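One structure is given below, encoded as structure tokens.
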Amino acid sequence: MRVTLKLYASLSDHLPDEAKRTNEWPMEVADGTTVGDLIDRHQLPKRLVHLVLVNGHYIPPASREAHPLVENDVLAIWPPVAGG
Amino acid sequence: MAWTRKILRVNLTDRTCASEPLNMEWAHDYLGQRGLATKYLASEIDPKVDPLSPDNKIIWATGPLTGTMASTGGRYSVVTKGPLTGAIACSNSGGYFGAELKFAGWDMVIIEGRASSPVYLSIENDKVELRDASHLWGKTVWETEGQIKSEHQDPQIRVSCIGRTGENGVLYAAIVNDLHRAAGRSGVGAVAGSKNLKAIAVRGTLGVGNIANPKEFMKVTFEKKKILKENAVTGQGLPTYGTQVLMNVINEIGAMPTRNHKDVQFEGARKISAEAMHEPRESDGKAQLVNNQACFGCTIACGRISKIDATHYTVVNSPKYWGASGGLEYEAAWALGCANGVDDLDALQYATMLCNEDGFDPISFGATIGAVMELYEMGVLTKEEIGIEAPFGSGKALTFLTEITARGEGFGKIIGLGSKRLCEKYGHPELSMSVKGQEFPAYDARAVQGMGLTYATSNRGACHLRSYTISSEVLGIPVKTDPLTTEGKPALVKAFQDATAVVDSTGLCVFTTFAWALSDIQPQLQAACEGDWSMEKLDLMGERIWNMERQFNNAAGFTRKDDDLPARLKTEAAKVGPAKGLVSGIDKMIPEYYDLRGWDTEGRPTAETVARLGL
């Protein structure tokens, strides 16, 4: 299935060059892939995986490992950030 | 004692300057800055006064920790009755001016009356005088600061001043210090302009040597700085990316007010985000962002210093804008960009520089342009009236309208009235995205329900900084709450409002609270200030300050009906994103909020509440 991984702020360093100007990384993944699987597969440092959204909805830390992705899901991840 | 215990009272009508002792009883109940200055203002003016009349007063106020070695201890507030709203106005600025005022030996400067011709106030420690400013009238903020420093032959003078918009009565004119730090909201600059007061210039060499327990203060401020450094947000996120990092976050959750709140996501958000500011551009291979910058005593350093693309159409013939200057913050980027559908990063940088150069609030200005563009697309406003074709998304319209507002020319005079008056003038009051006449900041109340209540009940009109529940509802600080529900939000908003009222009265920056709780500030106050500064006292003080501001507004004529949101947010559901199908639940939250506050159904503090808070 097709999903999109979005990485922002310092996590942008983990994007391939062609995705760096959009922060969007479309990819094919196996059915049943979870949020935790994608985080592990791309070796995202756990301390930087802070704000995790699927289609804009917050995924709490305890649910990330098992949260299944479905076709066309957008997984967006930020390190600890704030503003105002 | 961290206060200097001295107030400077300046009567512009009589041209007198006098020193008087700070009311220490009030200082113990209202601390400093926002709380204490509001206490003075509320005690000295009629809440029904015309904000632009000589009978209004305007106060520059530091807090007890301003100028000390506490991290971020450089803040000052400007407190007055605001012309944009008619409500209490309190705008807070960083930079170096606040600390300098303290070093000169003053906790507060109270300005009264109206000068018969332009003046500026010069303060060198105890030497205080009103000086002629006729030659500065008509000058920008940047010109004024440079000229005052040159005339005094002292580059270390700090200047807090207005630009041309403050002189021209732009109702959201700001007061700017250190070139691009601003007491930005609610039109405090217009009040200064109405008094013919161009600037306060201050040089202080007395330091702050009046800490109650210096050893303990050094120890505790060091410990608390360590928390800021080790916290991922205040130690890394904010210094590296600034507030602009929120652009993609807020867009992703579908809470980005777009095209005058018609939409909740902006397709161009990525192009004007923190990430875009870091990218090399085509023209010269350099990123727009040059560096980060800290205010006095700040160990976070969230400020942005940027360089515009010198080949951009706005500046290609204006070298004065090519150098490093104050860069885009999230609120400015939102208001100048998303609110108008403009995704040209350099057009936004140009507009934000003009806001700094001539001292006007980019939030209210940008949001007003959003209303102008909607009226243009509806056919209510025409190219002939505006001076340019102004559809949503036009960077050229944005930059043109910024220029004429800065200069006070043509249609810029109408834009300077703010969206409420502008939309009323053209027969569409419903298109003003504001509360109490002040425009919304950068979070959609349909997708972040707590912010709707924050805006509706903010004592200075729509504002995010009175209770920044984004921390909890979006970022999970201190705990994550669901942004889509109204449940629990009245209590959350009240807690944020009361705590922020204290922080805004200390002399510290509210951004510390991404890492600190009020309990981290309490021991710093306890070490700096004599007497009891327990958490219980601070909690009560926050509530007291909030209710005092509320009482001022009630006496000024505000009622329950003013604690409301525009119909658009209550009837037009979000079209996409997590909040798709949702409107603001403001009507459900208000009664519970009033109840928690100890107010009657009309939003007035009950006699019991007034007595409990010692008001």
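Below, chain A is the first sequence line, B the second, and so on; all start at residue 1. These numbers come from a predicted model, not from an experiment. Values reported hereafter were calculated over all heavy atoms of this structure, with side chains retained and with hydrogens, waters and symmetry mates removed.
Within the 3.5 Å criterion, the main-chain N or O of A:Glu24 finds no donor-acceptor partner in the side chain of B:Arg270.
In terms of heavy-atom pairs under 4.5 Å with chain A, the best-connected choice from B:Tyr241, B:Tyr443, B:Tyr330 is B:Tyr241. When each of A:Asn23, A:Asn55, A:Leu51 is scored by its heavy-atom pairs under 4.5 Å with chain B, the top score falls to A:Asn23. Listed options A:Pro60, A:Gly56, A:Gly83, A:Ser10 were ranked by heavy-atom pairs under 4.5 angstrom with chain B; first place goes to A:Gly83. Ranked by heavy-atom pairs under 4.5 Å with chain A, the list B:Ala255, B:Ala276, B:Pro578, B:Ala232 is led by B:Pro578. Among the candidates A:Pro79, A:Ser12, A:Pro80, the residue making the largest number of heavy-atom pairs closer than 4.5 Å to chain B is A:Pro80.
In this structure, chain B has a heavy atom under 4.5 Å from the side chain of A:Lys6, while its backbone stays farther away. Residue B:Glu275 touches chain A through its side chain alone, counting heavy-atom pairs closer than 4.5 Å. For B:Pro280, the parts lying under 4.5 angstrom from a heavy atom of chain A are both the backbone and the side chain. Proximity to chain A is absent for every atom of B:Ile250, based on heavy atoms less than 4.5 angstrom apart. Of the atoms belonging to A:Tyr8, heavy atoms from both backbone and side chain fall under 4.5 Å from chain B. For chain A, the nearby parts of B:Ile253 are the backbone and the side chain; heavy atoms of each come within less than 4.5 Å. Contact annotation for B:Val510: neither backbone nor side-chain heavy atoms come within less than 4.5 Å of a heavy atom of chain A.
Taking all atoms of both residues into account, the shortest heavy-atom contact from A:Gly84 to B:Leu246 is N-CD1, 3.7 Å. When all heavy atoms of A:Ala9 and B:Val245 are compared, the pair lying nearest together is CB-CG2, 3.9 Å.
Shown here is B:Lys480, whose NZ atom has more than 12 heavy atoms of other residues, nucleotides or ligands within 6.0 Å. Atom CD of A:Glu71 sits in a crowded spot, with more than 12 heavy atoms from other residues, nucleotides or ligands closer than 6.0 Å. Within a 6.0 Å radius of CD in B:Glu282, other residues, nucleotides and ligands contribute 12 heavy atoms or fewer. Under a cut-off of 6.0 angstrom, the local environment of CD in B:Glu487 is sparse, with at most 12 non-hydrogen atoms contributed by other residues, nucleotides or ligands.
Counting heavy atoms from C-beta outward, A:His50 and B:Val233 have side chains that stay 4.5 Å or more apart.
Here CG of B:Asn248 is found 6.5 Å from CH2 of A:Trp78. Values are rounded to the nearest 0.5 Å. Note that CD of B:Gln236 and CZ of A:Arg47 are 6.5 Å apart. Values are rounded to the nearest 0.5 Å. Atom OH of residue A:Tyr58 and atom CG of residue B:Leu475 lie 10.0 Å apart, to the nearest 0.5 angstrom.
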